[in-house]
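Below is one structure, written out as structure tokens; comments come after it.
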Amino acid sequence: MKLGILDQSPISDDQTPHEALRATMKLAQTAESLGYTRFWAAEHHGLPGLASSVPEVMLGYIGANTDKIRIGSGAVLLPYYKPYKVAETYNMLGTLFPGRVDIGVGRAPGGPAEVSEALSDNFLQSVFRMPDLLKDLIRYVDDADEKIKAGPVPPERPDIWMLGTSRKSAKAAAGNGLYYAFGQFMSDAEGKDVIDEYRKAFKPRSERQGSYAIITLSVICAETNEMAAKLAYSCLIWQVKKDKEGEFENLPSLEAAEAAVLSPEEKKQVDGMKNQMIIGDPATVKQELEKIHEETGADEIMIVTLTHSPEDKRESYRLIAEQFDLGKYDR
């Protein structure tokens with residue numbers, strides 16, 4: 001089974017943004033050494049607890065400090081940008097790091113409405129134009145425009161992925177002959193149904209390209225189930241509290257999380273989010289990942305892990321990699 005990583009560059013309550021971004025780079029190095037297939041950087045805007053607002057800059061940093069792991073965006077929020085500029089940017093990365101670059105594309109705002117307005121005068125209009133924006137991006141990346149090239153044209157063009165949380169995004173990926181990444185960690189839709197929809201509707205852009213689906217899951221692994229649950233509680237408390245009057249703006253320590261007072265409604269939220277995660281010791285996590293892999297038919301699983309300590313995060317990925325013996329596979 002192939003495994004990848006999506007990192008959001010969370011800022012813990014004892015970190016600066018600089019330290020959070022360096023932790024993401026170190027995680028990418030760890031992922032490469034452990035045998036993970038790819039490492040994607042998220043794009044968020046105006047969210048105080050997340051440091052990755054410009055993934056293309058982050059990818060240059062990561063690419064320069066790794067050798068072979070695939071790197072990409074999770075995702076370029078395309079309605080904010082001109083497709084030609086996105087193609088230039090990722091062609092540049094593809095020229096610097098040949099055969100390693102993915103362009104993950106999404107259409108979410110990635111932040112509050114005020115920030116969307118600051119980034120773009122016509123975000124909502126661009127969302128409605130997403131099908132055209134996507135076709136333009138494909139044309140430039142495929143070097144298929146008769147008049148202009150998005151230089152520098154790399155020796156191997158970046159792979160384009162559609163990221164989404166619904167059948168609509170699956171259909172968009174399939175209709176355009178793109179690879180597809182389904183964000184199960186932020187969706188109530190059934191992964192099997194969405195991926196099946198993608199497979200059935202897939203229309204290849206070339207004879208050599210087939211369908212390929214990733215399912216992205218929220219996972220925390222530790223030596224014991226009890227320790228994994230303790231690490232996960234910090235993430236859960238942060239998710240519930242971060243938007244309420246500045247409380248827990250950054251990812252809280254285990255001690256701060258345990259001391260948090262929850263309302264009945266917040267307790268219900270925590271329980272609901274916990275049920276959407278995979279939390280446990282290495283054997284438990286492996287069993288759950290294999291079950292989802294078999295049920296959904298995904299070609300690859302991408303993992304999102306949020307812990308207060310970067311060391312705990314790297315350890316979580318190490319334990320999972322050892323369970324699947326990732327190091328023996330040639331990516």
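Residues: numbered from 1 along the sequence shown. Computed from a predicted structure; not experimentally measured.
Between Glu266 and Lys241 there is a salt bridge, since a side-chain N of the basic residue sits under 4.0 Å from a carboxylate O of the acidic one. Salt bridge annotation for Lys268-Asp271: absent, with no cationic side-chain nitrogen under 4.0 angstrom from a carboxylate oxygen. We find that Glu322 and Arg318 are joined by a salt bridge, their nearest charged nitrogen and carboxylate oxygen being less than 4.0 Å apart.
Using modelled atom types, one side-chain atom of Glu32 and one backbone atom of Asp67 make a donor-acceptor pair closer than 3.5 Å. Asp13 contributes a side-chain N or O that, together with a main-chain N or O of Ser253, makes up a donor-acceptor pair within less than 3.5 Å. With hydrogens and angles ignored, the 3.5 Å screen pairs no side-chain donor or acceptor of Glu295 with any backbone N or O of Lys192. Put simply, the side chain of Glu300 never gets that close to the backbone of Lys2: no donor and acceptor are under 3.5 Å apart. Thr216 places no side-chain N or O within donor-acceptor distance of the main-chain N or O of Gly183, the cut-off being under 3.5 Å. Put simply, the side chain of Thr66 never gets that close to the backbone of Ile69: no donor and acceptor are under 3.5 Å apart. A donor-acceptor contact shorter than 3.5 Å is absent between the side chain of Asp312 and the backbone of His308.
Among the candidates Leu137, Leu134, Val105, the single residue satisfying the side chain to side chain contact (heavy atoms under 4.5 Å, CB included) test with Leu178 is Leu134.
If you chain together ILVMFWY residues whose side-chain heavy atoms come under 4.5 Å of each other, Tyr140 ends up grouped with Tyr84, Ile148. Cluster partners of Val261: none. The rule joins Ile, Leu, Val, Met, Phe, Trp and Tyr whenever side-chain heavy atoms lie under 4.5 Å apart, and it links nothing here.
The two residues Ala42 and Leu6 have their closest heavy-atom pair at N-CD1, 4.1 Å.
By the salt bridge (charged side-chain N to carboxylate O under 4.0 Å, His left out) test, Arg22 pairs with no residue at all, sequence neighbours left out. Listed by chain and number, the residues in a salt bridge (charged side-chain N to carboxylate O under 4.0 Å, His left out) with Arg157 are Asp142 (sequence neighbours excluded). Tyr317 is linked by a ring-ring contact (aromatic ring centres under 6.0 Å, His included) to Tyr36, counting only residues two or more places apart in sequence or in another chain. By the side-chain hydrogen bond (donor to acceptor under 3.5 Å, both in side chains) test, Glu290 is found to be paired with no residue, residues two or more places apart in sequence or in another chain being considered. Under the ring-ring contact (aromatic ring centres under 6.0 Å, His included) criterion, Trp238 pairs with no residue, sequence neighbours left out. Qualifying salt bridge (charged side-chain N to carboxylate O under 4.0 Å, His left out) partners for Glu311, counting only residues two or more places apart in sequence or in other chains: Arg314. For the salt bridge (charged side-chain N to carboxylate O under 4.0 Å, His left out) test, residues two or more places apart in sequence or in another chain that qualify with Asp102 are Arg38, Arg70.
In the hydrophobic clustering of this structure, Leu319 does not group with Ile301; members are Ile, Leu, Val, Met, Phe, Trp, Tyr whose side-chain heavy atoms approach within less than 4.5 Å, directly or through other members. In this structure, Tyr233 is a member of the same hydrophobic cluster as Leu251, with clusters built from ILVMFWY side-chain heavy atoms closer than 4.5 Å.
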Query - Pair Tyr80-Ser116, side chain to side chain donor-acceptor pair (under 3.5 Å): steps then yes or no - result: CA-CA 8 Å; Tyr80 286 128; Ser116 291; 2.7 Å; yes
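Annotation: ring-ring contact (aromatic ring centres under 6.0 Å, His included) contacts involving residues 186-208, sequence neighbours excluded, comprise Tyr180-Tyr198, Tyr198-Phe202. Residue pairs meeting the ring-ring contact (aromatic ring centres under 6.0 Å, His included) criterion with at least one member in residues 7-29: none, sequence neighbours excluded. The salt bridge (charged side-chain N to carboxylate O under 4.0 Å, His left out) contacts involving residues 121-135 comprise nothing, where partners must be two or more places apart or lie in separate chains.
Using modelled atom types, one finds no donor on one side chain facing an acceptor on the other under 3.5 Å when comparing Asp14 with Ser12. Asp7 and Thr24 share a donor-acceptor pair across their side chains, judged by distance under 3.5 Å alone.
By the neighbour-count criterion of 12 heavy atoms within 6.0 Å, atom CZ of Arg107 is sparsely surrounded, having that number or fewer from other residues, nucleotides or ligands.
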